[in-house]
Amino acid sequence: MDFKSIEAKWQEEWEKAKINEAEPNDKDKYYLIFAYPGISGYLHVGHMRGYSYSDIITRYKRMRNFNVLFPAGFHATGIHAVAIANKIKNGDKEMIQYFKDNGLDEKTIESFKDYRNVLNYFYDVYANEYWKKFGFLIDWRRLTSTLHPGYQKFIQWQFRKLMQKNLLVQKPYYGAFCPNCGPVAVDPSETDIKKGGNAEKLEFTLLKFKFGDSYLIAATLRPETVYGQTNMWANPEVTYVKIAIGDEKWIVSKECAENLKYQGRDVKVLEEIPGKDLVGKTCLAPGIEREIPILPSYFPDPAVGSGLVTSVPSDAPYDYIALEDLKKDEELMRRFGLDPERVRAIKLIPIIKSKGYDEFPAKEIVERMGITSQHDVEKLEQATQEIYKVGFHTGIMRENCGKYAGMRVEEAKDAVKKDLIEQGKADTMYTFSEPVICRCGRNVVIKLIPNQWFIKYSDPDLTEKAKQWVPEMTIIPEEYKEQLPSILDWFDDRACVRQGSWLGTPFPFDEKWIIEPIADSTLYPAYYIVSKYENEGKIKPEEMTEEFFDYVFLGIGEPKNETWKQIKEDFDYWYPLDINLGGKEHKTVHFPVFIMNHVAILPGTKWPRGIFVNWWVMGKAGKMSKKGGAEPVTKAIEKYSVDAMRLYYSHVASPHQDIFWDENIVLKYKDALRRNYMLAESLIKLSGEKQYIDQWLLYNMNKHIEKATDAMESYDIRTASDEIFYGIARDLQWYKRRGGKHKETIAKVLSAWIKMMCPFTPHIAEEMWHTILKNGTLVSTENWPEPFEEEFDKSLDVAEKLVSDVLSDIRAIEKLVKKKPTKACIYTCAEWKAKALQKIISQETFDFSTIMKTLASDPELKQYVKQLPGFVKELGRKFIQYKAAKPINEYEILSSATDFFKNELGYDISVYKETDPNKYDPSNKSAKAMPLKPAIYLE
RNA sequence: GCAGGGGUUCCAGAGCCUGGUCAAAUGGGCAGGACUUAAGAUCCUGUGGCUUAGUGCCUACGAGGGUUCGAAUCCCUCCCCCUGCACCA
């Protein structure tokens, strides 16, 4: 089967038929978007998961006779495109190779020096190489980007509305900042940065150690440990600086001085002081007011804190091991003129009592973990974290800790810090927990922005309204719906503009600020209504004034022309949005702000109706990296076929669970598609009488339609695809095996089957619709099948189960007798037994004594009263399974299946009634016959 | 720390809300067989243990308790794993 040409063929047909284009009409509407992707490079198979769900859902809704709007766009704002352009400009080999690997020629790559070409290139790749190739029925006329002029007008309007509602506030903010590039995002995906994505922004306490006319500054996260200080660590390889700050003089690392400057402190560098010059001297430790020695060590990083570290070897693994190392290192001590005796005399001071630790937690954990040197950074980090955690939660200050004795560490930490600051012995500064390097190579610092604009998501009224709205929404999965109110509560004000070489919309109240990329993508489903008109040239961006958007979105004012009127009509028809679909990474940022902005700006009738969250596709090393390692989309399409991937996403697990990409599994789904195709092909060739198995098939198909429909209605893609691709296939397989061959039944069932496949695997569904069923229409425009109208009864299933049970019973006996039988005899039970079963399963509930009474009161059954109790007990087990089924004629059913049995088993089968006086029954098996469990004799 | 999710049979993964038809769907793997020149294709059969002419019993759904006639499913305690946490969308 040539998947590739099938895909191309039907994609073309769909486009010709324009079934992707949506205009208002008199049908009910359904509007879905997926959270549009940032333009950050080629996408991999992980990204296609959620997008595929979007297309499956919208195709389903379309077949349910909804008028469906499914637009898409690009999130172009931010740093990505500029970063790529810069790299090309700088001749970055890796980046150039990346494009070469993707088949681009030198000239095109060269053109990427202009970020606009980068954007245009990826717009094209995403839309045409990914989405279109995946068969998505996106309304391409609405394609937009966050950099389209109209879109920017829209965003500016949105911010004016926020301002009018007092939801924009200005206050100081400490943000990550690159001196070259401006604000950067520090996050594990390392979009903006080269290194340090896991760094946390920490507020360090700066301890001031009196040292001559100035202070040595040591940064710490554990101010409460001042009582355990034994010495100061200076790194002899680092050059420190003496700075004038306020009316004091501090000694810190250069990086620290830099940080302080960025954090709004008035800093003037006075002179440089090599670290080795500090070693051997003493300083006055704050809090304990004791002179302590300054000792050499190599772990203090000038980029972290102040580059100087106060040593608490009892509770800090780094300090402990550094001290131990030094004590052993005669040569080092000699080099700095230290007195080895005095160094060795330094004793650990017990200060905190933590659960599971004795006097010196640091010493204990270092020994327990077998850490032998201060260069074993990984283990030391782990140890530090462990001690920090245990100390914080369970620690109690010991009696030598002054007025804090007996206090819990959790409280002492803040108390000590506060007191030291008040006494002028400490200060604070923000620092990253590890060095952060910008893409440009510079160290990222934390900068104070005194007049940062925020969106006031903490606004109590807004939060409350949003929380109230959540229960009204359809949110998939349910757990997220329960989580959302607490996320909305927790959600704080969020910086919404920034300065720097960023792409984005100018902030309407101060154009030197650019609106940051999360804030400009919260209300955008509304813009897809307008974007079509912008793209068609029917409205110019200049025309998109405040008046325009007020009219279209809020119904305020009057239309200036027909187009305005029409756009408003469109908006009123399509809005609100039914589903916003996005990955789980959006749970705590995008989705909450999406809800809150709608709630803040639009009237209640336009608030979003639903959210669908999908989880990720994982590679072997965790989340699939955007930078490589994962399978790129284009290659995957070739290898697996689009439909196989769509089915894989649908069926391999619930959408709300991470899945692990495994190409063998995807290939299995490709096999499954082929198998179903072949099955349908073989069935359509059959012809013959209508039999009871046809009724059975229709009955089961009916159930599959009901189940799959129910599943789809509740967005349970996994269950639906299971019913359709495996449940139905299994029944068709059995039908065929049982000798089913009625043309009309087959055509009817296949037609429904293929329709149901269509949302999931549209290409192969179209192909089957045409080549197997010889239809001239598009299955994509058909209606989803309704359950068949025939009267069905559960007895159809009961009967068929009888046949398959008898078959597997015969097989079981075959195994036990350990020889190939030559014939089999089946004895169906006597009439009275069948009658008794019928009486039992017609009961509401299984109650032994009531049933016995009912049976015993029957004149016909009365005579068997001795056999009844055992009989009832045995049938009790089947009660639920057979409850309410109509009676079946076992003899007839089995007799009609003798050919089937012969085919399956390879020998003759005779069916007798237990009561038949002429039956062949050499070993008296017939008496064992029970309802739905005939006796069997093998010879 | 704050918030959330989860531990199911060889693997993946349903079931759990609404307790009994659950030795537990489905897909894979594996074993055996069929068809084939052949197959990664397709089709059958099997896949906890013991036992048995189609049966029955035991052990099972992280661990331990509890509720119940009855628990993978409800309640409690404990252990372990995972995820997100804010100028990345």
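Naming: A, B, ... by sequence-line order, numbering from 1 per chain. What you are looking at is a predicted structure, and each value in this text was computed from that prediction instead of being measured.
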* Roughly, in whole Å, what's the span from OH in A:Tyr649 to C1' in B:A12? -> 17 Å

* Structure fact -> Sequence neighbours excluded, the answer for salt bridge (charged side-chain N to carboxylate O under 4.0 Å, His left out) partners of A:Lys413 is A:Glu224

* List for me each residue that meets salt bridge (charged side-chain N to carboxylate O under 4.0 Å, His left out) alongside A:Asp921, sequence neighbours excluded, and say none if there are none. => none

* Report yes if a side-chain nitrogen or oxygen of A:Gln657 is closer than 4.0 Å to either non-bridging phosphate oxygen (OP1 or OP2) of B:A12; otherwise report no. => no

* Return the nucleotide paired to B:A53: Watson-Crick means purine N1 to pyrimidine N3 with N6-O4 or O6-N4, wobble means G-U with N1-O2 and O6-N3, both under 3.5 Å. => none

* To do: Tell me, please, which residues at least two apart from A:Phe900 pass ring-ring contact (aromatic ring centres under 6.0 Å, His included).
  => A:Trp734

* Non-neighbouring partners of A:Tyr726 that pass ring-ring contact (aromatic ring centres under 6.0 Å, His included), sequence neighbours left out -> A:His651

* With respect to the side chain of A:Asp492, which nucleotide from B:G54, B:A89, B:A86 is positioned closest? -> B:A86

Below 3.5 Å is the cut-off: list the nitrogen or oxygen pairs between protein and nucleotides 22-29 of chain B, distance only.
| from | atom 1 | to | atom 2 | distance (Å) |
| --- | --- | --- | --- | --- |
| B:A25 | N1 | A:Arg718 | NH2 | 2.9 |
| B:U26 | O2' | A:Asp722 | OD1 | 3.0 |
| B:G29 | OP1 | A:Lys668 | NZ | 3.2 |

* Asked: Does A:Lys447 count as lying over the ring of A:Tyr174, i.e. NZ or CZ under 6.0 Å from the six-ring centre, within 45 degrees of the axis?
  -> no

* To do: Would you classify A:Pro477 as touching base, sugar-phosphate or nothing, given that sugar-phosphate means primed atoms plus P, OP1 and OP2, and contacts are heavy atoms under 4.0 Å?
  => nothing

* Asked: With a non-hydrogen cut-off below 4.0 angstrom, is A:Ala935 in contact with a base, only sugar-phosphate, or nothing?
  -> base

* Check the pair A:Phe612, A:His656 against ring pair (Phe, Tyr, Trp, His ring centres under 6.0 Å), reporting the backbone distance first and the verdict last. => CA-CA 9 Å; A:Phe612 182 104; A:His656 320 296; 5.2 Å; yes

* Structure fact -> Going 5' to 3' through nucleotides 2-8 of chain B and flagging B where a protein heavy-atom sits under 4.0 Å of the base, S where only the sugar-phosphate is that close, and - otherwise, we get -SSS---

* Can a salt bridge be assigned to the pair A:Lys456 and A:Asp459 using a cut-off of 4.0 Å between side-chain N and carboxylate O? -> yes

* Look at A:Asp643 together with A:Lys670 and state whether they make a salt bridge at an N to O cut-off of under 4.0 Å. => no

